[in-house]
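A quick write-up on the structure given underneath.
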Amino acid sequence: MISLNTLRTRFGVVLSIVIVLALLAFIISLGPEMGFFGSNDPKVGEINGDNITYTEYLKEYETIKKFSGADESSEEAINGLSTAAWQSLVAKHLLVPGFEDLGIVVSKAERLAMLSGEHPSDVFLGAFANPETGEYDVAALSSFLAQVSSNPQYQELWSYLNDQAQLDRLMVKYSGLVKAGVYANALDVQQGLASMNESRNGRYVLVEYNKIADSLATVTTAEAKKYYEDNKEISYKKLPHRALTYVVFDVAATADDMTEIEKKVKIAGEEFAAAEDARAFIRKNMGTVGDHYASLAELSGDEAILLEGQQYGPVLKSNEWVISRPLAVKEAPDSLGLSHIVLAANNTALVDSLYNALVAGANFEEAAKKHSAYAQTAQLGGDVGVVPFSALTVEMADQLATAKKGDLVKVAQGDAIQILKVTRVDKPAKHVLVGTVTYPVEASSATRRNVHNTASLFAVEAKTSLDAFNAAASASAVSPRVARINQGQRTIASLENSRELVRWAYSAKVGEISEIFNLGDAYVVAMLTDIDDSEYTNFDDVRLQIAQYLQRDKKFEILKNKFSGATIEEVAKNAGVEPVAFEELRFTDYGITDVAIEPRVVGAIANTTETGKVSAPVKGYSGAVVFVVDAINKSEVQTPEAEKVRLQANKESLSAQAALMSIQAKAEIEDLRGQYF
């Protein structure tokens, strides 16, 4: 019967695909406010008018953790689970109701067709696929369903699988509906062919904007303000954010610490060398044992002594002391030619009978094609090819070290047993299994205490104001840094393990100074300097950027008068610059020759149909440009049929993504999880 653990493992992959498909990684998260609803159940968000409570969110989080097989072993893993839970809630509260309003549903007949495999679901396929063929296994489904009525865990999983399968099918239907509304018409194909099959040679003249004095193109505050208001909805919408200033007190080993660590490591090296049970020493000191035998080529020059049975180190490498000892040295083939048959470990009867038959002379290739569970090599008669001895696992290497051509070997690994046939044996060479113990170079407790005391003194002196914060930083010889925490941001990129600091920022008041956070090898103290919950970027924050943009427009109008002349050479002379040649320029290029990014100029050149004529001035990013096309080159890079297929596929993909992103961009979504998660 199919196991719950197997389903978890398979379904974890499917779940991530379904959620990403449904929501396209579009997240609006972590707002700064909190609300509370009946029974003191905190509000952690609002989606499409529905309040999302702490209880509902936590239930979704725990359900996804349970059935996806994910864990909380790292901040990255927790972020992934949190994102998946929120995406799932967005699907339930926004997407599914919207699909129902459109009349997109999954009928009972469709659900039965999905289960039977008549119209298979990726969710059911992922959970109930035959591991040998990869095809949907109705028998595995039946085996699972037979256990549902008597097993509460199976009931819960079955309910979840059904929900995800229906969401997946709804998404497929919606996507199909949107895709059906787009097509590549004749003009699209014509333009696409021109961009692929045509290139142009010519010359251009560029006069950079910085040639014009700023005083000749001044921009008033009123002009900048008008531009801001006209473009506010498109260019200046933003997420709420909080800003903080912080300082980092790095905790690093001092010279005294280094000396003390070196003494301890040298003693450990002597103990390691004298240890009768090297593996026990490695376990006790949390070291590692290699997962394969290393060859000379894999060892550094100094490490080669391991092949002679000698200990390597202690040696200081990348801020840690390394001591390695050979656990086993084997004279083994440099590489082996192998074929294999992979069988389930619990099918011992088949393993034994097949092995005995092969020893008696049965055809290995035919047996592999018929019985091996690994389809990729089964179709090749089990042929794996030539494998370096150092690439084999320790279990395989131990059994193959003395193998001869034609030998058959059984190797058990995990839930599989392999019957290996040796088809080639290369020249022997020494290989070593290495056990290693490392000792990181870390600050001592005394050093950490001293740095913490410095941070504590700073926190006291910095409390009263931002000016006091900066003055205290200068006195402590640390540089203040600035971070902006946007809605949805759980960590600060430049700080290790910064989740707690971000959580503090969501609950702090402007001017408040934080506790001392221990973040990796540093102590951090921060002050919250701003809370901005406005819908748009403040005009004062972008006024300079807008002024520069409008100034460029004014300078372009001035420069247009410099472009006079019947030929490109005359234009260049009157503009006081030299013409520059370009060759094989296509519509798909980003820039021209040494001018990196000039899409507007490239577009103008690529759409020119007449040769020898000086163009009108084009407003580029870096300057004003005039050009002449000397030749239009045509080739058969793309056919009309292939271009139509390419354009259609591109339009379908982009339209489905854009439709979902637009739905969510327009929806009322507020995420307030930052206070809790």
Side-chain angles (χ1 to χ4, degrees), residues 28 30-33 205-246 465-471 473 479-489 492 505 508-512 526-564 575-577 591 595-601 603-604 616-626 665-666 668 670:
I28 302 175
L30 296 181
E33 299 146 352
V205 171
L206 166 68
V207 180
E208 296 175 337
Y209 297 127
N210 60 19
K211 301 295 183 184
I212 304 296
D214 291 349
S215 60
L216 298 177
T218 57
V219 176
T220 66
T221 299
E223 289 173 320
K225 185 70 174 177
K226 182 180 185 305
Y227 179 89
Y228 172 82
E229 293 296 337
D230 291 345
N231 294 274
K232 183 191 287 189
E233 287 294 327
I234 297 173
S235 302
Y236 301 112
K237 263 199 164 185
K238 71 169 187 63
L239 294 172
H241 75 269
R242 296 190 170 214
L244 54 84
T245 295
Y246 66 95
S465 67
L466 182 58
D467 287 341
F469 189 98
N470 290 331
S479 299
R481 308 178 192 181
V482 176
R484 174 170 164 159
I485 303 170
N486 288 322
Q487 188 182 74
Q489 189 174 329
I492 297 172
K509 297 176 181 178
V510 172
E512 184 176 341
M527 175 179 281
L528 191 70
T529 56
D530 186 34
I531 297 175
D532 187 349
D533 293 333
S534 58
E535 190 177 358
Y536 303 97
T537 301
N538 187 281
F539 170 69
D540 289 336
D541 292 338
V542 293
R543 177 165 48 185
L544 179 60
Q545 173 191 338
I546 292 173
Q548 290 173 338
Y549 179 82
L550 295 179
Q551 188 177 67
R552 185 183 69 180
D553 288 355
K554 291 190 174 188
K555 288 185 176 183
F556 173 72
E557 293 301 320
I558 296 171
L559 288 174
K560 283 168 63 174
N561 298 323
K562 287 183 171 286
F563 293 127
S564 60
V577 295
V595 184
I597 301 175
E598 286 293 357
R600 186 180 285 134
V601 177
V618 180
K619 182 169 63 179
Y621 283 133
S622 55
V625 177
V626 168
K666 292 180 179 296
E668 294 295 327
E670 184 181 30

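- Annotation for Glu598 and Gly620: closest pair OE1-CA, 3.1 Å, computed over non-hydrogen atoms.
- Under the 30°/60° scheme for interplanar angles, the aromatic rings of Tyr549 and Tyr227 are found to be tilted.
- A pairwise comparison of heavy atoms in Lys555 and Ile212 identifies NZ-O, 3.0 Å as the closest pair.
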Using the rule given for side-chain contact (heavy atoms from CB on, under 4.5 Å), can you reason through Arg543 versus Tyr228, listing the C-alpha separation, both sets of side-chain angles and the distance that settles it, and then say yes or no? CA-CA 8 Å; Arg543 177 165 48 185; Tyr228 172 82; over 6 Å; no
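- Looking at Gln487, its side chain never comes within 3.5 Å of a backbone N or O of Pro240 through a donor-acceptor pair.
- Contact detail for Val207 and Lys211: the closest heavy-atom pair is CG1-CG, 4.2 Å.
- With a 4.5 Å cut-off on side-chain heavy atoms, Arg552 and Tyr621 count as touching.
- Rounded to the nearest 0.5 angstrom, Ile546 CD1 and Asp541 CG are separated by 10.5 Å.
- Summarising the geometry, atom CG belonging to Asn210 is positioned 9.5 Å from atom CG belonging to Asp214; distances are rounded to the nearest 0.5 Å.
- Lys238 is linked by a side-chain hydrogen bond (donor to acceptor under 3.5 Å, both in side chains) to Asp532, counting only residues two or more places apart in sequence or in another chain.
- In this structure, Arg600 contributes its side chain and Lys619 its backbone to a donor-acceptor pair below 3.5 Å.
- For the atom pair CZ (Arg242) and CG (Asp533), the distance works out to 6.5 Å, reported to the nearest 0.5 Å.
- For the atom pair Gln545 CD and Leu550 CG, the distance stands at 10.5 Å (nearest 0.5 Å).
- The environment of OH in Tyr236 is crowded: more than 12 heavy-atom neighbours from other residues, nucleotides or ligands sit within 6.0 Å.
- In this structure Tyr209 satisfies the ring-ring contact (aromatic ring centres under 6.0 Å, His included) test with no other residue, sequence neighbours excluded.
- Distance check: Ile492 CD1 to Tyr246 OH gives 5.5 Å after rounding to the nearest 0.5 Å.
- The minimum heavy-atom distance between Asp530 and His241, with the atom names listed, is OD2-NE2, 3.8 Å.
- Panel note: side chain Glu223, backbone Thr220; a donor-acceptor pair is recorded below 3.5 Å.
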Yes or no on salt bridge (charged side-chain N to carboxylate O under 4.0 Å, His left out) for Glu229 and Lys226, after CA distance, side-chain angles and deciding distance? CA-CA 5 Å; Glu229 293 296 337; Lys226 182 180 185 305; over 6 Å; no
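- The minimum heavy-atom distance between Ala243 and Leu528, with the atom names listed, is O-CD1, 3.3 Å.
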Verdict with supporting geometry, Glu557 and Lys554, salt bridge (charged side-chain N to carboxylate O under 4.0 Å, His left out): CA-CA 5 Å; Glu557 293 301 320; Lys554 291 190 174 188; over 6 Å; no
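- Applying the salt bridge (Lys or Arg N to Asp or Glu O under 4.0 Å) criterion to Asp467, with sequence neighbours excluded, gives no partner residue.
- Of all heavy-atom pairs spanning Ala505 and Leu244, the tightest one is CB-CD2, 3.9 Å.
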